[in-house]
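First the structure, in the form of structure tokens, and then the observations on it.
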Amino acid sequence: MAASAKRRRGWRKRLGALARFTGALVIVGGIYSVFSPSLYAQEAEDNAIDSEVVKGQELYDTSCISCHGDDGEGIEGRGPSLIGVGSAAVEFQVNTGRMPMAAQGAQAPASDYPVFTEEEAEWLGAYIEYLGGGSAVPDDLAALVENSDVAEGGELYRVNCSSCHGYAGGGGALSSGAHAPALTGVSDEEIYQAMLTGPQNMPVFADNELTPEQKADIIAYVQYVVNGDKDPGGVFSLGRYGPSTEGLAIFLVGMTALLLTTLWIAGKS
């Protein structure tokens, strides 16, 4: 009897230990299941970024390395260093067809037929940003533009942009064979990228000079006036070159009218 009781107590101890072990596993599994989705999500995001960087490097090595050198360090006389320019500069140059550049010149002309797709431009941008960081377009740009102030954007545009791009975005000539392009047909992202990175002869408007909200105001004004086909000077755009063209037109029309009126009066007298 005593031996049988000892055996039962031994089994109860083993079953109790097994129950405690099973309970501990359930608790640990429950805690892990709570935190594991975020860990998996972070790992998946990192893998996606790494994948974009790898694809971007492949494109860079086949299309950009001959001018910009190994690891984006640049080659004198061919292409500048890309270290620190960021994804915004790369995506602007590639999506507008300015890069890859067909030939050296005063500035890289835009093209209606970019060599790379927008997705491939993002890959190149990811690789260049991986090499040395740099500027990027904010993720909430659409919301910034939607909540912007067009009137304030007009004031900022006239102070900072009209001297080169014209009062109504028609563009204009610069020195040394360069030019400020017209703003017709440009996207919100392209305008923001250009202000943020200062391509070619354009100055850089960093966030300490124009805040993201002010950049969004300018974008809203450009889209309203230029791409919204608005002509603040009247029903005739006159090339959208601003007050100089309008003043010349008024002078010519006015002088012609005065001369005709004078001749008519002289003929009647």
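Computation of the quantities below employed the complete heavy-atom set of this structure, encompassing side-chain atoms and omitting hydrogens, waters and symmetry-equivalent molecules. We number each residue from 1, following the sequence as shown.
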Any heavy-atom pair between the side chains of Val54 and Tyr127 that's under 4.5 Å? no
If you apply the rule side-chain hydrogen bond (donor to acceptor under 3.5 Å, both in side chains), what do you find for Glu73 with Ser81, and how did you get there? CA-CA 4 Å; Glu73 296 177 351; Ser81 170; over 6 Å; no
Going from CD1 on Ile265 to CG on Leu260, what distance comes out if it is rounded to the nearest 0.5 angstrom? 11.0 Å
If only atom types and distance count, is the side chain of Ser63 paired as donor or acceptor with the main-chain N or O of Tyr60 below 3.5 Å? no
What distance separates Met99 CE from Leu124 CG, expressed to the nearest 0.5 Å? 12.5 Å
Within 6.0 angstrom of Tyr130 OH, more than 12 heavy atoms from elsewhere: no
I'd like to know if the side chain of His165 reaches the main chain of Ala182, judged simply by a donor and an acceptor atom lying under 3.5 Å from each other, with no hydrogens or angles considered. no
Can you hop from Leu82 to Val115 via hydrophobic side chains spaced under 4.5 Å? yes
Is there a side-chain contact between Leu210 and Asn160 (heavy atoms, below 4.5 Å)? yes
Does the side chain of Val186 reach to within under 4.5 Å of the side chain of Val226, using non-hydrogen atoms? no
Could you check if a side-chain atom of Val222 sits within less than 4.5 angstrom of a side-chain atom of Ile191, using non-hydrogen atoms only? yes
Do Tyr192 and Ser187 have side chains that approach each other closer than 4.5 Å (heavy atoms only, starting at C-beta)? no
Give the cluster check for Val85 versus Phe92: same hydrophobic cluster or not, with ILVMFWY residues linked at side-chain heavy-atom distances below 4.5 Å. no
Keeping His68 on the side-chain end and Pro80 on the backbone end, is there a donor-acceptor pair under 3.5 Å? yes
Can you name the closest pair of heavy atoms from Leu131 and Gly72 and give their distance? CD1-N, 4.1 Å
Side chains of Ser51 and Trp123: closer than 4.5 Å at any heavy-atom pair? no
Within a strict 4.5 Å, meaning less than it, do heavy atoms of the Pro114 and Arg98 side chains meet? no
Taken to the nearest 0.5 Å, the spacing of Leu174 CG from Gln200 CD works out to 10.5 Å
Candidate list Met195, Lys215, Gln214, test side chain to side chain contact (heavy atoms under 4.5 Å, CB included), partner Asp207, passing option: Lys215
Rounded at 0.5 Å granularity, tell me how far CD in Glu91 sits from OG1 in Thr96. 11.0 Å
From Ser163 atom OG to Tyr157 atom OH, the distance as rounded to the nearest 0.5 Å: 9.0 Å
What is the minimum heavy-atom distance between Ser111 and Gly97, and which atoms define it? CB-O, 3.8 Å
Determine whether a donor-acceptor pair (N or O, by modelled atom type, separation under 3.5 Å) exists between the side chain of Asp217 and the backbone of Glu152. no
Whether Glu213 side chain and Leu144 backbone form a donor-acceptor pair below 3.5 Å: no
Under 4.5 Å between any side-chain heavy atoms of Phe205 and Leu196, yes or no? no
Closest heavy-atom contact between Ala121 and Val94? CB-CG1, 3.8 Å
To the nearest 0.5 Å, what is the distance between CD (Glu58) and NZ (Lys55)? 8.5 Å
Minimum heavy-atom separation for Ser87 and Glu129, please, with both atom names. OG-OE1, 2.9 Å
Atom CD of Glu118: over 12 foreign heavy atoms under 6.0 Å: no
In sequence, state the C-alpha distance, the side-chain angles, and the governing distance for Ile83 and Asp71, and then conclude on side chain to side chain contact (heavy atoms under 4.5 Å, CB included). CA-CA 8 Å; Ile83 303 300; Asp71 299 324; 5.6 Å; no
Between Asn201 and Ala178, which heavy-atom pair has the shortest distance, and what is it? ND2-CB, 3.1 Å
Cut-off 3.5 Å, side chains only: do Asn95 and Glu190 have a donor facing an acceptor? no
Heavy-atom pair with the smallest gap, counting every atom of Thr197 and Ala89: CG2-N, 3.5 Å
May I ask you to check whether over 12 heavy atoms, not counting those of Arg158, lie within 6.0 Å of atom CZ? yes
